[in-house]
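Please read the structure below before turning to the comments.
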Amino acid sequence: MENIFNIGKIKYEGVSSTNPFAFKHYNPTEIINGKPMKDHLKFALSYWHTLCGDGTDMFGRGTMDKSFGGKTPMEIYKNKVYAAFELMDKLDIEYFCFHDRDIAPEGETLEECNKNIDEIVALIKELMKKYNKKLLWGTANCFNNPRYAHGAGTSCEADVFAYAAGQIKKAIDVTIELGGTGYVFWGGREGYETLLNTNMGLELDNMARLMKMAVEYARKQGFKGDFYIEPKPKEPTKHQYDFDVATAIGFLRKYGLDKDFKMNIEANHATLAGHTFQHELRVARENTMFGSIDANQGDLLLGWDTDQFPTNVYDSAMCMYEVLKAGGFTNGGLNFDAKTRRQSMTPEDIFLAYIAGMDTFALGLKIADKIIKDGRIDEFVKERYQSFTTGIGLKIVNGETSMEELAEYAAKMGDVTTKKSGKQEYLESVVNQIMFGA
Ligand code: XUL
Ligand code: CO
């Protein structure tokens, strides 16, 4: 199956282009700070939104046909594979990410599910070779099936826990088989609706047990990539255990999982947790837990996960600033966990949405690189903490002082005030100047 989409390859035409089917900023081979753009950004296509999402919402049926001309379930899922690779090829996207249930129809039994997966994986493998595409990460959908109503790793039923383990084992096998460099845990239903029925201690211990077994199994199979937790505070459950990056790091450290796991940070999840996207990236970076990104954006007027394609350049610039400061992606990348709006129902909209998202991040990368090269922000921050580089400040940082010595030091000083300005407005104007020349 070829040319499902009647659109040619998307090319870079530069900022003056008004061709909707062209990149204005994403120029894959352009060198930014010694590295091609494509390696800085490592774009990935999300299989679930792109090949499966049909615009269904709580009030209405789907508005998009994602059967790609297929009639039987297997035919539909095979056509999804062809469509996925055609999209990646035409949009110049090197990576993809999937859940087990995105790629193959669910069977009656685990065995049947796995058989379907194997058949599709053979085709995916063939097309990965043909188009030179890579798997960024794989995951298991342990939240859709009604059996996961109480959670998967945090279910109150041991049989459900066991079933989830079986499903995750297969998802790990497939991730390894396809050369994936990451495996994601997003705890869709790993949380609670009411504490009145919840043994939180057991649920958290069990979630850690499942992750530990998953790591042990994958490492035994030779998996060298990263495991990721993808924090999200709520939705579908009222409270999810992986609330935000700080909470997830605390969990990983408590259970000794922090060496194998990093964070997969999603913009819309950050804002649902009451944080900025940049905040979550910073917390991960400061804890050497930065791993991968689910790029999208929410609507600040809505309290749920809208998974919109990212078009906010300020956010993408601040995101890429954190990515550059973290030393860039290693095993991770930038997965567009985003869907076209229910009203954007044509196949062209998929192209336009990816072009918008990719250009937004390419522009963000260029701005972030400029902010760092400009140096005013970094210099300001450095100067702000100057007092910790000499004298008593240096002693504090080096752990060479005590409460007694500090009290004695303080007693000698009389009143202590600070006249140092934080200069927030000035710094915001520096960013504006770099972005808009204003
Ligand atoms: C849901 C979400 C998931 C994960 C993978 O909010 O972000 O699609 O990215 O399970
Ligand atoms: Co996500």
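Remember, it's 1-based here, ligands and their atoms both numbered in the order they're listed.
Residue D337 has at least one N or O atom closer than 3.5 Å to an N or O atom of ligand 1. The shortest N or O to N or O distance between K232 and ligand 1 is under 3.5 Å.
The residue E235 has no part lying near ligand 1, judged by heavy-atom distances below 4.0 Å. Counting heavy atoms closer than 4.0 Å to ligand 1, residue D294 contributes side-chain atoms (C-beta onward) but none from N, CA, C or O. Residue-level proximity to ligand 1 for D305 is carried by the side chain, the only part with a heavy atom below 4.0 angstrom.
Between F43 and Y354, the ring center distance fails the sub-6.0 Å criterion.
Restricting D294 to its N, O or S atoms, the one at the least distance from the Co ion (ligand 2) is OD2. Among heteroatoms of the N, O or S kind in E266, OE1 lies nearest the Co ion (ligand 2). Counting just the N/O/S atoms of D337, the one with the shortest distance to the Co ion (ligand 2) is named OD2.
Between the Co ion (ligand 2) and E230 there is an N/O/S contact shorter than 2.8 Å.
In terms of heavy-atom proximity, H150 sits nearest to C156 at CG-SG, 3.6 Å. The minimum heavy-atom distance linking M37 with A362 is given by the pair SD-CB, 4.0 Å. Nearest heavy atom pair, residue L91 against residue I355, reads CD2-CG1, 4.0 Å. Among all heavy-atom pairs drawn from L51 and A83, the shortest one is CD1-CB, 3.8 Å. N79 and F68 make their closest contact through ND2-O, 2.8 Å (heavy atoms, listed as atom of the first residue, atom of the second, distance).
In summary, the atoms of ligand 1 found under 4.0 Å from a heavy atom of H99, numbered by their order in the structure, are 5 (C), 8 (O), 10 (O). Remark: ligand 1 atoms within the under-4.0 Å shell around heavy atoms of E230 are 2 (C), 3 (C), 4 (C), 5 (C), 7 (O), 9 (O).
Side-chain atoms of N145 and E106, non-hydrogen and from C-beta on, do get closer than 4.5 Å to each other.
A donor-acceptor contact shorter than 3.5 Å links the side chain of D100 to the backbone of N141.
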